**Student:** 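Quick one: the structure is below, and I'll ask about it shortly.
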Amino acid sequence: MSSYDDLSREQMIELLKKRDRTKKLGLVWERDEIEADNAVDANFVAATIIPDLSDKPAPWRNMVIEGDNFDALRWLRMTLPGKVKCIYIDPPYNTGNKDWVYNDHYMDPEDRFRHSTWLEFLYRRLSLARDLLTDDGVILVSINDDQRAKLELLMDEALPGMKIGSFVWRTRTGGNEGGESFFTINHEHVLIYAKSGFRFSGTKKSFEMYSNPDNDPRGDWRKDNLTVAVGYTNPRAGKAYYPLRDPATDVWYACNPDRVWIYASKEHSGAEKRVKTKFMEDWIADGQIVFPDAPRVHVWETKEDLLDAIRAGDVPKSGQTPLLREGLPNLDFWVGKRVGFGTPAFKRYKEDLRNPTQPLSSWIIPRSEEHTRNDDFQFIVSGTNDEGAKVIKSVFGSKAFDYAKPVSLIRELVRQSTSSGDVVLDFFAGSATTAQAVMELNVEDGGGRRFVMVSSSEATGDQPDKNLCRDVTAERIRRINKSEDPKFADLAAEFAYLRCEEIDFEDLDHDLQQAQVWAALETIHDLPLTLYSGGHWQEHRTEELTLVFADRVNAKLIDHLEEIANRRENAFVYAWAPGQITQAIGDVLDVRSVREELVGRFRQ
């Protein structure tokens with residue numbers, strides 16, 4: 001922690017205010033809040049397109065970004081705020097240097113607060129990622145059992161009010177070693193945090209149970225439960241425990257004492273009672289209560305006959321539960337009545353379904369168990385860890401990356417979370433499994449999803465020339481793009497390769513390059529990326545808008561902008577000196593300052 005003597009009065013007040021707001025219940029870790037706040041805006045981040053590392057001709061709809069993901073997220077917060085539908089990450093699991101190169105910079109094995117370092121590392125990145133999400137966006141985070149509890153509490157802090165739940169994914173189907181406790185962990189978790197407008201697509205419902213045996217003009221239907229799990233003695237049951245009569249046959253059906261009718265009765269509740277839907281009598285009149293067809297019917301002539309039948313278990317039942325038993329109120333009612341053995345049901349029409357899909361189960365099951373799917377439990381089906389390793393080997397010809405997730409897992413998560421045209425971000429991209437998942441899904445459903453993959457070089461003192469982003473992340477996509485392997489048939493995704501650079505704010509006017517400005521502006525306006533030509537000004541025109549960046553203002557540019565204004569195009573013009581343009585053409589176009597726009601967005 002920093003010394004209090006080093007803090008200004010304003011910093012001390014802000015620190016105290018934050019500590020007053022700190023929750024007393026939850027995850028606590030060592031962090032320097034002043035340093036953390038300053039780090040976000042410590043300097044400006046620019047991104048430069050590297051043509052030789054990009055793939056396929058421009059314009060590029062997808063991006064691979066090389067750099068510390070903290071810097072990349074700061075750049076994306078400036079250029080893509082509120083535009084990312086799905087973020088999937090597989091972050092380091094805090095197990096030491098063997099799986100996390102950042103440990104070389106952030107982790108001291110002797111530090112008693114080493115977990116705080118990992119938590120703070122992720123907290124800063126998740127806080128930035130939150131600002132990238134659309135109003136219906138979602139963040140999905142893979143984690144193991146060891147760190148799941150800490151990460152979930154951390155995400156509660158970084159993403160307040162966004163918690164949805166988690167998936168449990170079977171990582172392998174074998175494993176008999178058991179460890180010291182004879183307990184084998186064959187699963188991991190995917191934590192789900194989302195904005196209020198998010199919902200999964202779900203899985204298609206099976207309509208096999210729907211039919212129309214009675215030629216009902218309202219179409220196919222199926223039988224549904226007519227009771228609710230409330231016992232007749234429960235105050236919430238009200239007057240929903242009553243005998244039900246089939247007016248067509250004058251047969252009476254007993255209510256389950258442990259599950260009363262879901263609809264109130266006008267006769268037993270009173271006609272003046274107000275209900276949310278309809279009375280049971282109204283449903284019967286509408287033909288939407290299905291009574292048993294040709295049921296067994298019995299008449300007990302005396303109360304003793306009825307009690308004998310109850311003792312013998314020869315009364316109507318629901319499963320093994322007798323619907324008439326000693327001690328129930330008003331048993332005398334059933335004496336002399338035509339009592340039906342069977343259970344009335346509700347007629348549920350296919351056309352009344354509110355959703356064409358079933359909600360997801362929290363289980364992600366391996367393909368070997370796909371046969372367990374049914375209409376009550378809808379699962380995501382995924383490959384296990386061995387699939388990830390096999391795909392890496394098929395792309396690179398060797399084990400170029402450890403611990404790769406299976407493409408099928410991420411593909412199904414993205415399928416459930418996105419639609420065509422959505423942006424998918426992975427800022428721990430590693431071997432670019434997420435990019436391949438997006439490519440496969442686009443081929444499958446004809447979608448136009450775009451991906452943004454962020455990866456560091458992971459260079460170290462021992463390996464200064466290492467570049468994971470260049471040689472694995474981007475290289476996997478390149479190889480798939482040109483592969484003749486049938487497994488990758490039709491998979492193709494052009495991408496711009498960008499490299500992040502930090503620039504001090506006071507040096508922006510001199511050090512920020514035209515190409516970096518152009519890449520930022522195209523991204524801000526949701527345009528595919530193109531190379532900056534190096535001229536005095538450059539333009540990107542689509543049917544929806546025209547983007548102009550004026551590095552220098554001259555007479556030719558002014559004439560061109562006047563033509564754009566005369567055509568009444570939806571245009572955005574950026575210049576270092578916007579006053580020169582507005583002075584020449586007036587306020588007929590949206591003219592903005594490059595510096596004010598970029599710095600303002602960066603410091604939002």
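Fair warning: this is a prediction, and the values are worked out from it, not measured in the lab. Residues: numbered from 1 along the sequence shown.
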**Student:** Does the pair Asp465/Arg470 count as a salt bridge with the N-to-O cut at 4.0 Å?
**Tutor:**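 Looking at Asp465 and Arg470, the cut-off is not met.
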
**Student:** Quick one: salt bridge (Lys or Arg N to Asp or Glu O under 4.0 Å) pairs with a partner in residues 425-437, sequence neighbours left out?
**Tutor:**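 Every pair satisfying salt bridge (Lys or Arg N to Asp or Glu O under 4.0 Å) with a residue in residues 425-437: there are none.
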
**Student:** By side-chain contact (heavy atoms from CB on, under 4.5 Å), which residues pair with Asp52, not counting sequence neighbours?
**Tutor:**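 Result, side-chain contact (heavy atoms from CB on, under 4.5 Å) vs Asp52: none returned.
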
**Student:** Just jot down the side-chain contact (heavy atoms from CB on, under 4.5 Å) partners of Ser127, sequence neighbours excluded, or say none.
**Tutor:**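 Tyr123, Arg130, Ala158.
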
**Student:** Among all residues two or more places apart in sequence or in another chain, which pass the side-chain hydrogen bond (donor to acceptor under 3.5 Å, both in side chains) test with Asp485?
**Tutor:**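 Residues passing side-chain hydrogen bond (donor to acceptor under 3.5 Å, both in side chains) with Asp485: Lys487.
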
**Student:** Answer yes when Arg592 and Glu596 have at least one side-chain N-carboxylate O distance shorter than 4.0 Å, and no when they do not.
**Tutor:**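 Salt bridge absent between Arg592 and Glu596.
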
**Student:** Can you name the ring pair (Phe, Tyr, Trp, His ring centres under 6.0 Å) partners of Phe167, sequence neighbours left out?
**Tutor:**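 With sequence neighbours excluded, Phe167 shows a ring pair (Phe, Tyr, Trp, His ring centres under 6.0 Å) to Phe200, given in chain and number order.
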
**Student:** For His525, give me all partners under ring pair (Phe, Tyr, Trp, His ring centres under 6.0 Å), at least two apart in sequence or on another chain.
**Tutor:**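 Applying ring pair (Phe, Tyr, Trp, His ring centres under 6.0 Å) to His525 gives Phe572, Tyr574.
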
**Student:** With the threshold set at 4.0 Å, does a side-chain nitrogen-carboxylate oxygen contact exist between Asp526 and Lys83?
**Tutor:**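 No, no charged N to carboxylate O under 4.0 Å.
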
**Student:** Who passes side-chain contact (heavy atoms from CB on, under 4.5 Å) against Ala492, sequence neighbours left out?
**Tutor:**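 Expected list: Lys56, Asn481.
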
**Student:** Could I get the full list of salt bridge (Lys or Arg N to Asp or Glu O under 4.0 Å) partners for Asp471, not counting sequence neighbours?
**Tutor:**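 Checked Asp471 against salt bridge (Lys or Arg N to Asp or Glu O under 4.0 Å); zero matches.
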
**Student:** Under the rule for side-chain hydrogen bond (donor to acceptor under 3.5 Å, both in side chains), what residues qualify as partners of Asp511, not counting sequence neighbours?
**Tutor:**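 Scan of Asp511 (side-chain hydrogen bond (donor to acceptor under 3.5 Å, both in side chains), adjacent residues dropped) gives none.
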
**Student:** Applying the side-chain contact (heavy atoms from CB on, under 4.5 Å) criterion to Ile192, which one of Ile139, Ile164, Leu413 satisfies it?
**Tutor:**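 Among Ile139, Ile164, Leu413, the one that satisfies the side-chain contact (heavy atoms from CB on, under 4.5 Å) with Ile192 is Ile164.
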
**Student:** When you measure from the centre of the six-membered ring of Phe451, is the NZ or CZ of Arg449 closer than 6.0 Å and no more than 45° off the axis?
**Tutor:**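 Ring-cation test returns no.
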
**Student:** If the threshold is 4.0 Å, N to carboxylate O, is there a salt bridge linking Glu188 and Arg170?
**Tutor:**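 Looking at Glu188 and Arg170, the cut-off is not met.
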
**Student:** Please name all residues satisfying ring pair (Phe, Tyr, Trp, His ring centres under 6.0 Å) with His540, sequence neighbours left out, ordered by chain then number.
**Tutor:**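 Per chain and number, His540 pairs via ring pair (Phe, Tyr, Trp, His ring centres under 6.0 Å) with no residue.
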
**Student:** Mind checking side-chain hydrogen bond (donor to acceptor under 3.5 Å, both in side chains) for Ser431 and listing every partner two or more places apart, or none if nothing turns up?
**Tutor:**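 In terms of side-chain hydrogen bond (donor to acceptor under 3.5 Å, both in side chains), with neighbours along the sequence ignored, Ser431 is linked to Thr433, Arg476.
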
**Student:** So, using side-chain hydrogen bond (donor to acceptor under 3.5 Å, both in side chains) as the criterion, who are the partners of Arg601 when residues are at least two apart?
**Tutor:**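 Counting only residues at least two positions away or on another chain, Arg601 forms a side-chain hydrogen bond (donor to acceptor under 3.5 Å, both in side chains) with Glu597.
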
**Student:** Does either side chain, that of Arg148 or that of Ser166, offer a donor lying less than 3.5 Å from an acceptor on the other one?
**Tutor:**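 Yes, Ser166 and Arg148 have a side-chain donor paired with an acceptor closer than 3.5 Å.
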
